[in-house]
Chemist: 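So that we are looking at the same thing, I have put the structure below in structure tokens.
FYI, side chains are in, hydrogens and waters are out, and symmetry mates aren't considered; it's all heavy atoms of this structure. Chain identifiers are assigned alphabetically (A, B, ...) following the order of the sequence lines, protein sequences preceding nucleic acid strands; residue numbering begins at 1 within each chain.
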Amino acid sequence: MQAERFCSFFSSFDVDVLILGSAGDGLEGPREVTELPIPEDGWLLADEPVDVSTGLVVVRVGDLETAVALADASVGSIGMLTGSDGFPTMGDLAALDGPVVPVLDWESIGGIPTSVEGCRAVIGFIVSSFEPERIDPIRTRITTSSIPDLGPLASACEMEQVDMILVLDVPDPSHLNGLQPSVETRRLGSGRSDCEPVDVIADGERWIPLIASRPLRLSNIDKEFFPDGTTKGDLIEYYARAAEVLLPHLAGRPISMSRYPNGIGGESFYEKRSPGHQPEWMETAVVDSESMGGEIDFLLASDRESLMWFANMGCIEIHPFHSQASDLEHPDYAIFDLDPADGSTWDQVVTATTMVKTMLDALSLVGYPKLSGSKGMHVYVPLEQGQQDYARVRRFVAAVGELMARANPTDITVDWKIPNRKGKVFVDANRNASGQTIASVYSVRPRPGAPISIPITWDEVATLTNGDVHLGNVAARVEGVGDLFAPVQAGGQTLDAAEERLEIS
DNA sequence: AAGATAT
DNA sequence: ATATCTTTAAACTGT
DNA sequence: ACAGTT
């Protein structure tokens, strides 16, 4: 039900992917099947046989191997229910040979979508996955105490010109929204005794399609994540909308999550390794761990649904590597992290940023500033891919930072010790390292007001401040000025000349 | 947040 | 079934 | 090796 809010939201900007079900649920693609041993009691692994009163015996098979065995050995048609967590998905069933009729259990994908678009998505997936004979009609089933309005499903069927049998296993037939039960169902298994199953044939109704290639379940979208009432749903929605400008900056980069499962007032933690319970469709990259031995599997953010999954995990901040999985040694940009220490002012941050600009000008380099969204400012210097490794980039930033601190010791420091930074802006060259945690451009920050790390022009350095751009107003700005960080994505500079000028080569 | 374990 | 517990970073500096 | 820093 909750996911529907997002279905309707997305329909407003032409979504090709439906949000429903969870990873491992019914709409995933076919999994690989190699051996097919028929278990001794293979048939009996069907845990909930149902007779749909059309001569079709429907079973839910406990595992993929049994499903395959059953499909091979079966003489007549047999219906197989989808399920979650090890049970066959619709994609699995599509891959089976034999007289198998797929039966979608709506529960396995989070219920019947309440929007026509959502229903069309599911139907489209089915239509594109099965030969027409196997899905005429499409057989589905729902077991719930609260059947939603079936209007959208009926409309979708009509638009898609498909027929559907919907088996309603409901405790109370009054939940059928006026639809007349037309076929009785006999339950063969040991179902709940308080359940009086009823069949409904949506006779003559027609329906539609869509591709639910990246099913995603969202949880607790109404949980307050920021004290102003901004919810987790708002966060997910933001990242979904920001995908267009954000994804290019994350492409191919291993992601560190900064997670706040209970909002910015709750506990938080970093998570780098892929947790293993992410959806199958999420991409990962192997990273060799430097100081620790071994390899680490990181998640990537390759599509909008990945961003939404991150947000659903309570990941408010997204921290991408500064290099791509294809060439982890070489960052695509240098970062000047300008961090105001205790007792310093925003004015000093502006001064520091301007000094960076002056230095870059003198070195014939181009940089791009962004509000960190938190306390300070970031300046990115796009680099030509594969030209300089992290150590070189770090040395360059450190050299510039030291010159700045020497030229203006009252405002700038590069001192590692916190007490020595008091009243100054810390230029942190160490952000230029593999696996470092810097909030991505367009990342929300876990602070009151949901500020965003937003690119600005050099002119705006003196006029904008952190908090000016936040979750509530960022869309208008990005639509107005576009992606000011696009040149960072483009890369293109080398540090050779600058290193000579700075005498650090 | 989500999975694992204990009751 | 439900309540509670467990897990969730790593690179870098400077002693 | 170890504590401190992000």
Chemist: Kindly say whether the aromatic ring centers of A:Y368 and A:H378 come within a distance under 6.0 Å.
Modeler: no

Chemist: I need the CD1-C1' distance between A:I255 and C:dT8, as an integer number of Å.
Modeler: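 Taking CD1 of A:I255 and C1' of C:dT8, I get 17 Å after rounding.
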
Chemist: When the distance from CZ of A:F321 to P of C:dC12 is rounded to whole Å, what number comes out?
Modeler: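 After rounding, the reported distance stands at 10 Å.
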
Chemist: Between A:D342 and A:R421, does any NZ, NE, NH1 or NH2 come within less than 4.0 Å of an OD or OE carboxylate oxygen?
Modeler: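 The answer is no: the pair does not qualify as a salt bridge.
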
Chemist: Does the side chain of A:N312 get closer than 4.0 angstrom to OP1 or OP2 of B:dA2 through an N or O atom?
Modeler: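 Looking at the OP1 and OP2 atoms of B:dA2, one of them is under 4.0 Å from a side-chain N or O of A:N312.
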
Chemist: Using atom C1' of each nucleotide, how far apart are D:dG4 and C:dA9 to the nearest Å?
Modeler: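 One C1' to the other, the span is 15 Å.
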
Chemist: Nearest to the side chain of A:N430, which nucleotide is it out of D:dT6, C:dT13, C:dA11?
Modeler: C:dT13

Chemist: Out of curiosity, A:L484 CG to A:I456 CD1, how far, rounded to the nearest 0.5 Å?
Modeler: 9.0 Å

Chemist: Between A:Y380 and A:F485, does the ring centroid distance fall short of 6.0 Å?
Modeler: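 Yes, close enough.
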
Chemist: Checking contacts here: which listed nucleotide (C:dA11, B:dA1, D:dT6) is nearest the side-chain heavy atoms of A:D337?
Modeler: D:dT6

Chemist: A:D339 near the nucleic acid: base, sugar-phosphate alone, or nothing, with a heavy-atom cut-off under 4.0 Å?
Modeler: nothing

Chemist: How do A:F269 and A:N432 order along DNA chain C: which one's closest nucleotide is nearer the 5' end?
Modeler: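 That would be A:F269.
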
Chemist: Between A:W416 (CH2) and D:dG4 (P), how many Å, whole number?
Modeler: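 After rounding, the reported distance stands at 13 Å.
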
Chemist: Counting only side-chain N and O atoms of A:R421, is one of them less than 4.0 Å from OP1 or OP2 of D:dT6?
Modeler: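 Yes, such a contact exists.
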
Chemist: To the nearest Å, how far apart are A:F426 CZ and C:dC12 P?
Modeler: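 Rounded to whole Å, this separation is 15 Å.
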
Chemist: Categorize A:R394 for me: base, sugar-phosphate, or nothing, with a 4.0 angstrom heavy-atom threshold over every strand shown.
Modeler: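 The answer is sugar-phosphate, as A:R394 gets under 4.0 Å only of primed atoms, P, OP1 or OP2.
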
Chemist: Rounded to whole Å, how long is the line connecting atom NZ of A:K232 with atom C1' of B:dA2?
Modeler: 10 Å

Chemist: Could you give the CZ-to-C1' distance, from A:R273 to B:dG3, as a whole number of Å?
Modeler: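 Result: 17 Å.
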
Chemist: If you compare all heavy atoms of A:M355 against all heavy atoms of A:A407, which two are closest, and at what distance to 0.1 Å?
Modeler: CE-CB, 4.2 Å

Chemist: When you compare B:dA1 with C:dA11, how far apart are their P atoms, in angstrom units rounded to a whole number?
Modeler: 28 Å

Chemist: With a non-hydrogen cut-off below 4.0 angstrom, is A:S434 in contact with a base, only sugar-phosphate, or nothing?
Modeler: sugar-phosphate

Chemist: Can you give me the closest heavy-atom contact between A:M404 and A:V427, atom names plus distance?
Modeler: CE-CG2, 4.2 Å

Chemist: For A:V414 and for A:T437, locate the closest nucleotide of DNA chain C by heavy-atom distance; then report the residue assigned to the nucleotide nearer the 5' terminus.
Modeler: A:T437

Chemist: Taking the side chain of A:H277 as heavy atoms from C-beta outward, which of D:dT6, B:dG3, C:dC12 is closest to it?
Modeler: B:dG3

Chemist: Without decimals, in angstroms, what is the distance between A:I438 CD1 and C:dA11 C1'?
Modeler: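 About 13 Å, once rounded to whole Å.
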
Chemist: Can you see if the side chain of A:K417 gets near the phosphate of C:dT15 - specifically, an N or O under 4.0 Å from OP1 or OP2?
Modeler: no

Chemist: Measuring only the C1' atom in each nucleotide, how far is C:dT8 from B:dA4? A whole number of Å is fine.
Modeler: 14 Å

Chemist: Rounded to the nearest Å, what distance is computed from the NZ atom of residue A:K272 to the C1' atom of nucleotide C:dA10?
Modeler: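 Between C1' of C:dA10 and NZ of A:K272: 4 Å.
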
Chemist: Think A:S256 has a side-chain N or O under 4.0 angstrom from the OP1 or OP2 of C:dT8?
Modeler: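 No.
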
